[in-house]
Protein chains: 2
Amino acid sequence: MNNVQEESLRDQKKNRRRLQILEIARGIIATKGLRSLKVRDVAEAAGCSVGSVYNEFGDFDGVILTVNRETVQALTARLRGVPAEDPVRQLYGLAETYLEFFAEHANLLRSLFEHRMEDDRPYPDDILQMVMDAFALMHPPLVRLLPDADDVKIALLSRTLFSAVHGIISLGLEERMVAVPPQMLRQQVEQFIDAHLVGLGIVPPR
Amino acid sequence: MNNVQEESLRDQKKNRRRLQILEIARGIIATKGLRSLKVRDVAEAAGCSVGSVYNEFGDFDGVILTVNRETVQALTARLRGVPAEDPVRQLYGLAETYLEFFAEHANLLRSLFEHRMEDDRPYPDDILQMVMDAFALMHPPLVRLLPDADDVKIALLSRTLFSAVHGIISLGLEERMVAVPPQMLRQQVEQFIDAHLVGLGIVPPR
DNA sequence: ATTCTTCTTGAACATTGTTCATTTTCGAGC
DNA sequence: GCTCGAAAATGAACAATGTTCAAGAAGAAT
């Protein structure tokens, strides 16, 4: 009995096309924003019919959600790369990395956080879970810094910090709103964390 | 010479309809979200043709932007109502009021912050200015608390704090993401400000 | 080679934003 | 009041875009 998954010619083509569609969709979202993503454009660029896009992803939301899924995966991978020796440094590193990633892929992250489903269908659970997992990357350093805090408190705190940093970055990069230059934004985020760590009693005031 | 603006019957009808259209659009956005707002629904509910909506607002974005304009005005009015005797209390009050307002009008605020214009037309300046004015409500208490800080520093700090609180609240109320119960969210915001004010040296650690 | 299954296609449809020639309404001058 | 010109309202037609599906093409199985 052969356990190796033989990939038929059919599956090969299918997979290749699937990846191609995603790449094209991601490119359009990243450069021109989610609102500019059109089925026909994607189909044409991928050299297939609109029907095939539907065949592969169910509906157009399916394409968007798959791109979003990959976005949060890429983000998490980047965040996992932050060194963990010093917990304080790690927290700064996480924020800084989030800022970098957001600045590089602003439209992709907006798609992740702002996309509303048609009707009121629920957002897929697995994506929500992945976002939570990203949140959770702050748990270990926080636990090391606040050994007396219980899990619930840590979970709350990490979510609060993540949300706060997310707010600073997403509004800061919103060119239409304020357009903070990235370098200044970085400083802004740093000072924010400075103050907050002092406030939590994690770091002595300078 | 008569300075009183005579309102012709024509203008009366026009104004009444304009208000009616806005009311209906606001209602739909508030209850079903921006994505569910359709010209034909609005026109039908207002008892007029779609053409009249365009006649009055130019395009559909015009309706949305007018609703957004009124949302930020209502928000600012609410924030202005926060007592200003004690600057620390005022900061807490501003955050708490923002939370209340956001919880009451989540979809309206999302429309304000997330709506993207067609093509890449710029977001109207006057709305951006109003949002900045809302930010600026934190200036006076911050100046009182940090008398040695210069204006730029104050402006940066107020924007940072606003954005951070906005992030905590908007993600916190995003039922699909995390769904923090409002009461817990309130506590979360409070603790956040606690820590930050301590970190800024404004309030002694407890 | 034949048959069966599955995928692909793209025309047709549905929904929704937008335009504009026509009609209606209003106000002004008589 | 009546008439006429300007302004507004209308809604059918158009345009853009998501969605479906019957028919055909392509691959797999025998």
Side-chain angles (χ1 to χ4, degrees), chain A residues 1-2 4-22 24-25 28-29 32-68 111 115-121, chain B residues 2 4-22 24-25 27-29 32-68 111 115-121:
Chain A
M1 174 175 174
N2 184 1
V4 175
Q5 294 293 334
E6 294 258 10
E7 196 181 46
S8 63
L9 200 155
R10 194 168 246 166
D11 289 346
Q12 282 179 40
K13 284 177 66 174
K14 187 168 163 147
N15 282 338
R16 192 164 35 231
R17 170 134 77 210
R18 183 186 171 87
L19 294 181
Q20 199 182 4
I21 290 174
L22 286 175
I24 288 161
I28 293 175
I29 296 177
K32 299 194 294 184
L34 183 56
R35 243 192 112 155
S36 302
L37 189 66
K38 310 289 148 93
V39 213
R40 284 169 179 76
D41 292 348
V42 173
E44 192 184 2
C48 70
S49 66
V50 293
S52 295
V53 177
Y54 277 80
N55 209 27
E56 187 61 36
F57 293 95
D59 60 8
F60 204 48
D61 270 355
V63 180
I64 298 167
L65 291 175
T66 306
V67 170
N68 287 351
S111 168
H115 173 58
R116 311 272 155 207
M117 307 281 287
E118 196 60 58
D119 305 311
D120 285 323
R121 275 184 301 176
Chain B
N2 186 359
V4 176
Q5 294 293 337
E6 294 258 11
E7 199 181 44
S8 63
L9 198 155
R10 193 168 248 166
D11 289 346
Q12 280 180 42
K13 282 178 64 175
K14 186 168 163 150
N15 281 339
R16 189 165 36 231
R17 170 132 77 207
R18 182 185 173 87
L19 293 181
Q20 199 183 3
I21 290 174
L22 286 176
I24 289 161
I28 293 175
I29 296 177
K32 298 193 294 184
L34 183 54
R35 241 190 116 158
S36 301
L37 187 67
K38 309 289 147 95
V39 213
R40 285 170 177 76
D41 292 348
V42 172
E44 192 184 2
C48 68
S49 66
V50 292
S52 294
V53 177
Y54 277 79
N55 213 19
E56 187 62 34
F57 292 95
D59 60 8
F60 204 47
D61 270 354
V63 180
I64 298 167
L65 291 175
T66 306
V67 170
N68 288 352
S111 168
H115 174 58
R116 313 269 154 207
M117 307 281 287
E118 195 62 56
D119 304 308
D120 285 323
R121 275 183 301 178

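Just so we're clear, the structure is a prediction, and the values are computed from it rather than from any experiment. Throughout, protein chains are lettered first and strands after them, A, B, ... in sequence-line order, and every chain is numbered starting at 1.
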**Asked** How would nucleotides 17-23 of chain C be written as a contact map, 5' to 3', with B for base contact, S for sugar-phosphate-only contact and - for no contact, using protein heavy atoms under 4.0 Å?
**Response** BBB----
**Asked** Rounded to the nearest 0.5 Å, what separation is found between the CZ atom of A:Arg16 and the CZ atom of A:Arg18?
**Response**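 If we round to the nearest 0.5 Å, A:Arg16:CZ and A:Arg18:CZ are 15.0 Å apart.
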Rounded distance in Å - [atom1] ([X]) to [atom2] ([N]):
X: A:Asn55; N: C:dT8; atom1: CG; atom2: C1'; value: 7 Å
X: A:Asn15; N: C:dC7; atom1: CG; atom2: P; value: 12 Å
X: A:Asp41; N: D:dA15; atom1: CG; atom2: P; value: 18 Å
X: A:Lys14; N: D:dA26; atom1: NZ; atom2: C1'; value: 14 Å
X: A:Leu34; N: D:dG18; atom1: CG; atom2: C1'; value: 14 Å
X: A:Arg16; N: C:dC7; atom1: CZ; atom2: P; value: 16 Å
X: A:Glu56; N: D:dG18; atom1: CD; atom2: P; value: 18 Å
X: A:Phe57; N: D:dT19; atom1: CZ; atom2: P; value: 14 Å

Least distance between heavy atoms, [X] atom then [Y] atom:
X: A:Ala46; Y: A:Gln20; value: O-OE1, 3.7 Å
X: B:Cys48; Y: B:Val53; value: SG-CG2, 4.4 Å
X: B:Ile64; Y: B:Ser111; value: CG2-OG, 3.9 Å

**Item:** OP1 or OP2 of D:dT10 under 4.0 Å from side-chain N/O of B:Ser49
**Value:** yes
**Request:** Give a yes/no answer on whether the side chain of B:Arg17 brings an N or O atom under 4.0 Å of OP1 or OP2 in D:dA8.
**Result:** no
**A:Phe57 and A:Leu22: CA distance, side-chain angles, deciding distance, side-chain contact (heavy atoms from CB on, under 4.5 Å) verdict** = CA-CA 10 Å; A:Phe57 293 95; A:Leu22 286 175; 3.7 Å; yes
Which pairs of donor and acceptor atoms, one on a side chain in residues 34-42 of chain B, lie under 3.5 Å apart (sequence neighbours left out)?
from: B:Arg35; atom 1: NH1; to: A:Arg116; atom 2: O; distance (Å): 2.3
from: B:Arg35; atom 1: NH2; to: A:Glu118; atom 2: OE1; distance (Å): 2.4
from: B:Ser36; atom 1: OG; to: B:Lys32; atom 2: O; distance (Å): 3.0

